[in-house]
Engineer: 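The following block contains the structure, expressed as structure tokens.
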Number of protein chains: 2
Amino acid sequence: MSTQVKRRAPAAQRTVLILDRLSTSSKPLGVSEIARDIDAPKSSVYGICETLVAAGVLHFEADGYSLGSHCLRWSAAYLNRSSLVSEFRRILAVDGRLASYTVTLSELDKDQVVYLDCRNSDKPLGFTFQVGMRLPAVYSATGKAMLSYISDEERHEILSAVLWDAPFTANSVPNHKKFDADVKVWRAQGYAVDNGEIREGMVCLGAPILNPQGLPVAGIAISMTGAEARLEIQKELGTIVRDIANVLAQRYTS
Amino acid sequence: MSTQVKRRAPAAQRTVLILDRLSTSSKPLGVSEIARDIDAPKSSVYGICETLVAAGVLHFEADGYSLGSHCLRWSAAYLNRSSLVSEFRRILAVDGRLASYTVTLSELDKDQVVYLDCRNSDKPLGFTFQVGMRLPAVYSATGKAMLSYISDEERHEILSAVLWDAPFTANSVPNHKKFDADVKVWRAQGYAVDNGEIREGMVCLGAPILNPQGLPVAGIAISMTGAEARLEIQKELGTIVRDIANVLAQRYTS
DNA sequence: AATGACCGTTCCTTATATGGAACGTTGTTT
DNA sequence: AAACAACGTTCCATATAAGGAACGGTCATT
């Protein structure tokens with residue numbers, strides 16, 4: 001299903017592959033290693049990398065190529081395409097109800113959630129959300145919340161492709177059927193729960209940010225330790241999360 | 001001085017140009033507009049954009065192409081290439097001396113500073129630093145601090161290319177000569193000052209984070225309003241900024 | 001010292017990605 | 001209603017980027 005269309009602009013595709021490969025490397029990589037990993041001729045990789053260095057996207061040092069700061073422009077532009085992130089920060093700065101919890105903002109990309117921002121609490125959580133980080137949507141609170149508000153067809157298409165036999169923890173929702181049953185609960189209460197499905201002992205409550213058409217554009221969630229997440233607390237905090245998501249939805253423009 | 005080397009992998013270069021162009025647009029752009037702006041044939045731009053959509057880097061909607069969240073991977077990887085950002089956050093969370101000020105972390109890229117992180121204060125500053133944001137190094141506090149610690153040749157090369165006739169404010173350092181005189185002061189006191197050179201009424205104090213070889217890898221700065229920046233306060237806070245930068249330098253690895 | 005493995009880089013042929021021109025649509029102007 | 005302009009898309013000859021092979025250099029191993 002990958003290259004059925006006739007290959008156009010292979011250099012552009014390889015540019016992406018090279019940047020992706022460098023993203024998952026902790027050290028600079030040489031031409032040969034990159035070429036091997038992305039399955040392309042050395043000389044082609046060499047030409048592209050030199051072009052990217054000239055463009056200021058990559059740095060070259062003695063031991064190979066590495067990412068440059070140029071790509072921060074692109075992500076900054078992406079995060080600023082709407083007022084979502086700035087409104088998220090503003091509302092958390094003003095509304096003190098979630099002050100002692102870690103709060104995240106994320107959006108859905110296929111079967112993953114992408115974290116757009118994170119306001120850490122002073123209390124340690126044992127888990128760090130980073131901007132740009134991706135997690136399986138089906139196990140995360142915001143992912144569950146957003147998946148609950150897309151059309152049944154879309155959700156079915158996404159869930160059908162999930163590899164259910166690679167759970168994150170013993171608590172991870174086990175299959176499509178259980179997820180569909182949960183969806184009814186999340187919709188009814190207006191927020192979704194991840195009870196240790198991403199990380200053992202971490203509980204997250206997520207709510208969707210819906211556009212005027214009722215479709216999710218993003219989601220917010222709060223994270224806490226299992227010890228903090230007593231049921232009555234969950235209900236109270238879940239309601240707050242849902243309310244804040246609704247306020248964000250109203251302020252959200254374009 | 002741009003395309004003296006023989007053009008290799010034009011599609012890779014155009015990929016960068018397209019992403020850059022979309023970064024500076026508030027709305028999606030069509031093939032024709034992009035092609036006009038980056039001075040490339042429509043059909044080539046079309047091929048590259050379709051490839052980038054297939055790669056998940058761009059989104060396509062009715063009114064044109066726009067950036068996708070894929071590029072967040074690259075910037076997240078860039079920010080995590082060292083422990084700099086995480087140590088910056090940790091030290092600010094523990095050390096309360098700068099709690100009521102906006103503190104930024106940035107690095108030098110040619111003649112610009114690139115902001116890597118920002119810890120906003122509760123007090124409004126009237127200026128927002130965003131990750132990935134770029135400012136002229138010569139006018140910014142961290143830029144001044146870092147430029148003070150590179151070799152004289154390197155600094156001379158960078159400063160010679162600065163367009164001094166496009167100052168940000170009336171306070172912006174006016175020329176190469178004045179900057180060189182300031183460098184001696186910044187080096188002597190261990191921190192640099194931007195007194196309204198980026199924005200009228202905003203004062204920033206910056207210090208370099210030096211590697212074991214004594215070369216700057218990044219810089220930190222605190223920002224405050226002119227009213228807050230009385231001289232004795234500047235001296236006190238400048239010393240704190242310098243000390244924190246030194247602690248960061250010690251913790252900084254790889 | 002000699003061998004071998006692997007590196008980054010260059011070369012040159014050829015397969016092919018490119019891009020000018022043409023196409024069908026759409027929306028605006030005359 | 002007709003003419004026009006600008007759009008996204010397709011087409012095809014050809015300029016040219018790609019990539020297999022060869023090169024010189026470095027480092028381990030024998």
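These values consider heavy atoms only, across backbone and side chains, with no hydrogens, waters or symmetry-generated copies. Labels below follow one simple rule: chain letters A, B, ... track the order of the sequence lines, proteins then strands, and each chain is numbered from 1.
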Engineer: Measure from the side-chain heavy atoms of Glu50(A) and tell me the nearest of dG19(C), dT9(C), dA18(D).
Structural biologist: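 Selected nucleotide: dT9(C).
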Engineer: What integer distance in Å separates Arg36(B):CZ from dA5(D):P?
Structural biologist: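 These atoms are roughly 15 Å apart.
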Engineer: Report, one line per pair, each donor and acceptor closer than 3.5 Å where one atom sits in a side chain of residues 108-116 of chain B; sequence neighbours left out.
Structural biologist:
from	atom 1	to	atom 2	distance (Å)
Asp109(B)	OD2	Arg134(B)	NH1	3.1
Asp109(B)	OD2	Arg134(B)	NH2	3.2
Gln112(B)	OE1	Arg134(B)	NH1	3.0

Engineer: Does dA17(C) have its OP1 or OP2 closer than 4.0 Å to a side-chain nitrogen or oxygen of Arg14(B)?
Structural biologist: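 Result: no.
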Engineer: Any N or O donor-acceptor pair under 3.5 Å from the base of dG19(D) to the side chain of Lys42(A)?
Structural biologist: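 Answer is no: no donor-acceptor pair is held.
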Engineer: Just the rounded figure in Å: distance from C1' of dT10(D) to OH of Tyr46(B).
Structural biologist: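 It works out to 8 Å between those atoms.
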Engineer: Donor-acceptor check, side chain of Arg14(A) to backbone of Val45(A), threshold 3.5 angstrom: yes or no?
Structural biologist: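 Flag not set: sc Arg14(A) to bb Val45(A) has no pair under 3.5 Å.
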Engineer: How do Ala11(A) and Gly30(A) order along DNA chain C: which one's closest nucleotide is nearer the 5' end?
Structural biologist: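 Result of the comparison: Gly30(A).
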Engineer: Which nucleotide wins on minimum distance to the side chain of Pro10(A), given the candidates dT10(D), dA18(D), dA17(C)?
Structural biologist: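 When the side chain of Pro10(A) is considered, dA17(C) is the closest of dT10(D), dA18(D), dA17(C).
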Engineer: Can you measure Asp39(B) atom CG to dG19(C) atom P for me and round it to whole angstrom units?
Structural biologist: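 After rounding, the reported distance stands at 11 Å.
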Engineer: So, does Ser32(B) get its side chain near the phosphate of dA6(D), meaning an N or O under 4.0 Å from OP1 or OP2?
Structural biologist: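 Ser32(B) to dA6(D) OP1/OP2: no side-chain N or O under 4.0 Å.
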Engineer: Between the side chain of Ser151(A) and the main-chain N/O of Glu154(A), is any donor-acceptor distance below 3.5 Å?
Structural biologist: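 Pair found, side chain donor or acceptor close to backbone of Glu154(A).
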Engineer: Measure CD/Gln13(B) against P/dG19(C) and give the value in whole Å, please.
Structural biologist: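 Checked: the CD to P distance equals 12 Å.
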Engineer: Please determine if Arg199(B) forms a cation-pi arrangement with Phe168(B), meaning its NZ or CZ atom is less than 6.0 Å from the six-membered ring centre and no more than 45° off the ring axis.
Structural biologist: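 Arg199(B) over Phe168(B) ring: no.
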